[in-house]
Trainee: 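Please read through the structure below; I'll follow up with questions.
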Number of protein chains: 2
Amino acid sequence: MSTDLPHTSGAPTLEDVARLAGVSRATVSRVINGIRNVAPDIQEAVHRAIAATGYVPNRAARSLVTRRTGAVALVVSGAGDAEGGEPFESRVFADPFFGRVAGGVVGYLRPRGIHPVLMLADSAQTRDDVVSFLRQGSADGALVVSTHGEDPLPKLLVDAGLPAVLWARPARPIPISYVDLAHRAGAALAADRLVARGCRRVATISGPFDVPAAQDRLSGFQEAMAGHGHPYVPAVEGDFMPASGEAGMHRLIKEHPDIDGVFVANDLMAQGALLALRDLGRRVPEDIAVIGFDDSAAVTCRPPLTTVRQPMEDMAAEMARLLLAHAADPDFQVTSVIMRPTLVVRESA
Amino acid sequence: MSTDLPHTSGAPTLEDVARLAGVSRATVSRVINGIRNVAPDIQEAVHRAIAATGYVPNRAARSLVTRRTGAVALVVSGAGDAEGGEPFESRVFADPFFGRVAGGVVGYLRPRGIHPVLMLADSAQTRDDVVSFLRQGSADGALVVSTHGEDPLPKLLVDAGLPAVLWARPARPIPISYVDLAHRAGAALAADRLVARGCRRVATISGPFDVPAAQDRLSGFQEAMAGHGHPYVPAVEGDFMPASGEAGMHRLIKEHPDIDGVFVANDLMAQGALLALRDLGRRVPEDIAVIGFDDSAAVTCRPPLTTVRQPMEDMAAEMARLLLAHAADPDFQVTSVIMRPTLVVRESA
DNA sequence: CTGAAAGCGCTAACAC
DNA sequence: GTGTTAGCGCTTTCAG
């Protein structure tokens, strides 16, 4: 309870401000939207009136005429047909990967006054919800992060003519902008390091084969190792979760007891692999060197993990930048931005 | 210009649907909003017209008249004056705690057609942004999760008369609804377990003293131990991050080499503590039993962590429920919901 | 049970 | 430079 001035019913409107400043609504609108051609003294008066009334423009009204909301959908899209376990929501948001992407998006959007709306798309129903949401004009576009290779959402978005930008190249090509990492180059960084350290019997724990990024990391690694004169690299498949890294490491050591270096396709699995190595009594990096990928869980590993860093925040920010460009200009060219990974050397290799 | 087909410029509007169904806009609106008193055959015709045009109601227009958006702000509020390190965005969203809360919120909101808008408030400026956002009518209320005890945001919200619900009791009492956990009871669960296991020399690693929940967990633990005949419990303060758990454990062992049980105020620190114990050559739980709190990182610990589970998803859902109630009815009573923790026994104690 | 009409609060031509 | 005038697309009395 504080208002004493505008004694109309609800919140102050443009009308109230205009009346108090002794000008028209249009002029107030001009001042608020920073349009020039307004006499300094009038601007002054308007600003005073705004402050006096505590006026805040109504977003719906503005949106109705400008046809843009200051929002974008941040959608995490996945299978959702999860075999038991926790609900999709918890699994996905608890992943440090999502957290960093969200952080990068917010970091870019916030200074620009745009807000991300969190959405989950894990079924035909919820994918349609995303499309409807955008068609309703509830957001100006969508940033989509798919956890699965064959996600149908990107195509739905393209077909509906809605602005959208993807995290990572889609499994099958569609005309949509995306931001990705040079996975093969990153894997090569790991191979180079392992070889430079003197590792002779190197293996790898890959991500799930149906994820393009996992394939790229695997083939990029094998190729780089071949280039170093190691045509055969034992590999086991994981699912990017810690437990699979642990299991994978056990299997690798069992089948190839003499390996002295391993490239693990992400840090979460590397964390599990390190645990396994510890249980097996192998010292890292003395007995076996380990390199992860992502730089997402590296510091909480023991020993601290040498890893290939994926600049997730920068990539997410780039997605946001592209989306805003698409939203502002429907004719903006579809593009892909591929960012470079770097090797972060800690103690494990 | 205007043909008779829905070949107007942009997206189909109510008008288009009405014309095609041969009724008035009002009737279509009634059908869409599920208002009875519409003849079945007319409903039928309207639905057909909707399908034929691919009509989707415009959110801004609806919002303008109903004065409600289908959105709520999900704000993470903190100090932000962080000493170096990563930006607030990344730190906060990468925390599994945030992920689970977001998951719980989305799980509750999604079936109800409400969408959470992600916001960060870590400075006077950004706190005002949150208030403005709500005053603009961009969201119907705010769900706020403070990372700091003395967060000014809740009071700003209350003073502005905006619907809001907090995660956890605010440091100083203000008339606002919140959802919290019975931290003392949870700590007692840990104390009981440790004592029942036969631990005689028990210590604790607490959270930062300026966080009410940390204080409650500490005093609740001390009190419960006192009840078991252990009036003195060595304690060191951590900051809820893994590194502080590790450091705290080292300090504890150094100052009290004979302890055989420790209660760590959250799982992240417990993870660090476990690492320290491993380095020190102490077996868990044989030499020393460890109990964490939250059940957030418990499974990736080695050994799997016995911990006090905080039902974060349920708590977050409850926050959302309360917020919607407040938003729907301005006279809805301010309430607090305190949920019960449970002990999850794994291997560490 | 259905239609006509009046706005919700704002921006954007178009006048002056 | 500034005011006037139309709507943006929808819900909601109020008649009938």
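What's counted below: heavy atoms across the whole structure, side chains too, no hydrogens, waters or symmetry copies. By convention in this document, chain letters (A, B, ...) are assigned in the order of the sequence lines, proteins followed by strands, and residues within each chain are numbered from 1.
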Trainee: Which is more 5' along DNA chain D, the nucleotide nearest B:Ala60 or the one nearest B:Ala26? Just name the residue.
Mentor: B:Ala60
Trainee: What is the distance from CG of B:Asn33 to C1' of D:dC10, rounded to the nearest Å?
Mentor: 9 Å
Trainee: Can you check whether A:Arg25's main-chain N or O pairs, donor with acceptor, with A:Glu15's side chain at less than 3.5 Å?
Mentor: no
Trainee: Looking for any heavy atom pair under 4.0 Å, which part of the strands does B:Ser29 touch: base, sugar-phosphate only, or nothing?
Mentor: base
Trainee: D:dG9 phosphate, OP1 or OP2: any side-chain N/O from A:Arg67 under 4.0 angstrom?
Mentor: yes
Trainee: Are A:Ser138 and A:Gln136 close enough that a side-chain donor and a side-chain acceptor fall under 3.5 Å?
Mentor: yes
Trainee: For a 4.0 angstrom threshold against heavy atoms of chain B, report the outermost contacting nucleotides of DNA chain C in 5' to 3' order.
Mentor: C:dC1 to C:dG9
Trainee: For B:Arg19 and D:dC10, give me the distance from atom CZ to atom P, rounded to whole Å.
Mentor: 12 Å
Trainee: Which residue pairs pass the ring-ring contact (aromatic ring centres under 6.0 Å, His included) test with at least one member in residues 99-127 of chain A, sequence neighbours excluded?
Mentor: A:His115-B:Phe133
Trainee: Quick one: which protein N/O atoms are closer than 3.5 Å to N/O atoms of nucleotides 14-16 of chain D? Pair and distance per line, please.
Mentor:
none

Trainee: Please classify the nucleic acid contact of B:Asn58 as base, sugar-phosphate, or nothing, using heavy-atom distances under 4.0 Å.
Mentor: sugar-phosphate
Trainee: Pick the closest DNA chain C nucleotide for B:Ile42 and for A:Pro57 by heavy atoms, then say which residue is nearer the 5' end.
Mentor: B:Ile42
Trainee: Could you go through B:Tyr55 and B:Leu14, starting from their C-alpha distance and side-chain angles, then the distance that decides it, and tell me whether this counts as side-chain contact (heavy atoms from CB on, under 4.5 Å)?
Mentor: CA-CA 8 Å; B:Tyr55 171 76; B:Leu14 254 199; 3.6 Å; yes
Trainee: Side chains of B:Thr53 and B:Asp16 only: does a donor on one sit below 3.5 Å from an acceptor on the other?
Mentor: no
Trainee: What is the distance, rounded to the nearest whole Å, between atom CD1 of B:Ile32 and atom P of D:dT11?
Mentor: 7 Å
Trainee: Please classify the nucleic acid contact of A:Arg25 as base, sugar-phosphate, or nothing, using heavy-atom distances under 4.0 Å.
Mentor: base
Trainee: Measure from the side-chain N and O atoms of B:Asn33 to the backbone N and O of B:Ser29, and report whether any donor-acceptor pair falls under 3.5 Å.
Mentor: yes
Trainee: Can you tell whether the side chains of A:Asp122 and B:Arg110 come within less than 4.0 Å, N to carboxylate O?
Mentor: yes
Trainee: Does the side chain of A:Thr27 get closer than 4.0 angstrom to OP1 or OP2 of D:dG3 through an N or O atom?
Mentor: yes
Trainee: Please answer whether the main-chain N or O of B:Ala327 pairs with a side-chain N or O of B:Arg68 as donor and acceptor at a distance below 3.5 Å.
Mentor: yes
Trainee: Testing the 3.5 Å rule here: is there a donor-acceptor pair between the side chains of A:Ser177 and A:His326?
Mentor: yes
Trainee: Quick check: on DNA chain C, is the nucleotide nearest B:Ser24 upstream (toward 5') of the one nearest A:Leu14, or the reverse? Name the residue that is more 5'.
Mentor: B:Ser24
